[in-house]
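Notes follow once the structure below has been shown.
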2 protein chains.
Amino acid sequence: MVRKPTSKESARKPNMREAILAAAEELFATNGFNAVSVRDIAQAAGANPGSVTYHFKTKDGLLLEIYRRHCGPMNLRRSELLAAAKRVRDLQDRLEAIVRAYVVPAFTSGSDLAGGGARFTRLRAVMSAEGNEVARKIIAQTFDDTSHAFIDAIHESLPHIPRTDIVWRSHFLLGALYYSLVTPDRVSRLSRGEADGSDPANAIEQLVQATVAAFQAPALDQAAPTRRRQAVSNKT
Amino acid sequence: MVRKPTSKESARKPNMREAILAAAEELFATNGFNAVSVRDIAQAAGANPGSVTYHFKTKDGLLLEIYRRHCGPMNLRRSELLAAAKRVRDLQDRLEAIVRAYVVPAFTSGSDLAGGGARFTRLRAVMSAEGNEVARKIIAQTFDDTSHAFIDAIHESLPHIPRTDIVWRSHFLLGALYYSLVTPDRVSRLSRGEADGSDPANAIEQLVQATVAAFQAPALDQAAPTRRRQAVSNKT
DNA sequence: TGATCTTTTGTACGATAGTACAAATCACAT
DNA sequence: ATGTGATTTGTACTATCGTACAAAAGATCA
């Protein structure tokens with residue numbers, strides 16, 4: 001890949017800017033936004049703190065650029081995979097394909113950004129937990145369309161389930177997805193070393209399998225109303 | 001509840017200490033640990049910043065005390081509910097009761113701490129996402145036993161599923177649980193107002209229903225091996 | 001080579017962080 | 001009423017934060 005100089009617009013040394021972005025992504029995703037200082041990021045990237053200000057103006061601007069960098073490619077890939085999944089004939093297979101189309105891009109690389117998928121998804125999880133304002137705005141703008149597309153697709157392959165239930169279950173899916181990326185070591189620990197929580201392929205298969213079953217659960221209203229809510233009380 | 005003065009050990013004005021704890025809990029749970037300053041907490045509690053230092057020594061000490069305050073009651077309640085759930089005869093009902101025993105205390109009050117369950121669980125979710133060291137240590141010490149107890153109980157009512165799969169699925173359960181408490185508004189938004197993500201009863205029912213189905217999914221190894229992983233590729 | 005623009009560096013500034021500590025205040029036993 | 005220990009207040013210290021900005025360095029083209 002030989003990037004020609006183009007005299008204008010582009011940088012002479014794009015490495016530094018990329019290094020800062022990568023370092024910030026990694027640090028934000030593991031420690032949260034406020035726990036990481038601009039100086040931490042600069043040091044991790046082998047840059048001067050002033051460089052961060054030069055390229056991204058503010059710390060928020062840096063976070064914003066990270067989102068801009070990833071949102072497009074990830075949503076594009078999800079759209080492609082979703083389109084392919086919707087062409088699957090068998091309803092059961094189609095549901096699984098749809099879920100996979102949602103999960104896979106979150107775990108794997110979104111484009112040419114090395115290993116960016118999982119790292120960016122983890123970043124989103126942490127920003128979401130921290131209630132980060134910058135992230136919240138972008139998320140609502142960028143991901144809600146995609147989420148609705150997936151919810152609609154799932155609804156089509158499970159017409160007997162109310163849309164509300166599907167929303168809840170896809171919400172659970174995202175939560176499980178996030179959490180798997182946030183604390184993969186917990187899986188290894190609780191399984192006493194038998195499972196590797198850090199293995200993306202493993203996580204994907206487990207998540208898809210469990211989620212498909214969750215989506216196929218009977219709807220809440222019609223769920224065996226004769227025997228519910230016994231043996232465990234709701235309030236003390 | 002008339003707390004006698006006991007001359008020694010206890011405080012004359014326990015209100016301030018409690019107010020600080022409550023304010024810290026709320027602020028940490030919504031904004032993360034580092035985004036909240038001791039001064040923020042003091043102000044929200046109507047106290048002086050010095051009072052925080054007096055009662056809890058450091059900011060970490062304050063977080064530690066929050067955990068100490070909740071972990072015991074919540075785990076106790078979970079143990080009680082789990083014991084009751086294990087006495088359920090019907091295997092399907094028992095599984096649901098076990099899941100409910102895990103979920104309910106996380107959403108509702110753990111003891112006499114008003115509305116503490118959901119708030120504390122949300123706090124745990126945020127600390128977990130931020131990789132908070134203080135929280136990580138307590139969690140591993142305090143909750144792993146409980147987690148193992150639940151995993152074992154679930155395994156007993158689903159003997160044909162490998163323990164590894166159960167670990168994964170209970171991990172997903174916790175992730176979904178956390179996420180439901182972190183961004184309940186997302187459910188309301190995606191369901192276009194048809195569902196209320198902030199209603200604990202609603203969330204519990206949806207989560208229990210979906211999770212029970214997820215646990216009952218076929219084991220990964222024997223999951224219809226003739227038709228898997230088509231229509232969607234794993235790598236680009 | 002020298003002019004010009006981009007990038008990097010070094011440093012500094014005001015704000016705010018966590019925490020320490022002495023003084024003031026409070027509650028209660030005597 | 002007064003002394004005593006627990007609590008609260010007020011303030012100050014040092015460290016670090018995000019960011020600004022001028023100077024240095026590097027690159028490009030006449």
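Residue numbering restarts at 1 for every chain, and letters A, B, ... go by the order of the sequence lines. Computed from a prediction, not measured in an experiment: that's the story for all the values here.
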(message) At 4.0 Å (heavy atoms only), tell me whether S51(B) reaches a base, stays on the sugar-phosphate, or touches nothing.
(response) base
(request) Scan residues 130-137 of chain B against DNA chain C and write down, sorted by residue number, each residue with any heavy atom closer than 4.0 Å; if none is found, say none. (result) none
(request) Sort and list the pairs that fulfil salt bridge (charged side-chain N to carboxylate O under 4.0 Å, His left out) and have at least one residue in residues 34-63 of chain A, not counting sequence neighbours. (result) none
(request) May I ask you to evaluate whether S37(A) reaches the phosphate of dC17(D), defined as a side-chain N or O under 4.0 Å from OP1 or OP2? (result) yes
(message) Can you work out whether A35(A) or K57(A) has the more 5'-proximal nearest nucleotide on DNA chain D?
(response) A35(A)
(request) Give a yes/no verdict on a cation-pi contact between R124(A) and F143(A), requiring under 6.0 Å between NZ or CZ and the six-membered ring centre and an angle within 45° of the axis. (result) yes
(message) So that I can tick it off, tell me whether R186(A) and D144(B) are bridged by a salt bridge, with the cut-off set at under 4.0 angstrom between side-chain N and carboxylate O.
(response) no
(message) Quick check on dG10(C): is either OP1 or OP2 less than 4.0 Å from any side-chain nitrogen or oxygen of N48(A)?
(response) yes
(request) Answer yes or no: is there a donor N or O on one side and an acceptor on the other, between the side chain of H155(A) and the main chain of I151(A), under 3.5 Å? (result) no
(request) Consider the side chain of T58(B), meaning its heavy atoms from C-beta on, and name the nucleotide among dT19(C), dG18(C), dT9(D) that approaches it most closely. (result) dT19(C)
(request) Taking the six-membered ring of Y102(B) (Phe, Tyr or Trp), confirm whether the NZ or CZ of R78(B) is under 6.0 Å from its centre and within 45° of its axis. (result) yes
(message) I'd like to know if E205(B) and R100(B) make a salt bridge, using a cut-off of under 4.0 Å between side-chain N and carboxylate O.
(response) yes
(request) Would you jot down, in residue-number order, the residues of residues 26-34 of chain B having a non-hydrogen atom under 4.0 Å from DNA chain D? (result) none
(request) Verify the contact: side-chain N or O of H55(A) to OP1 or OP2 of dT6(C), cut-off strictly under 4.0 Å; return yes or no. (result) no
(message) Whether Y54(B) contacts dT8(D) is assessed here as follows: a side-chain N or O lying under 4.0 Å from the phosphate OP1 or OP2. Is that the case?
(response) no
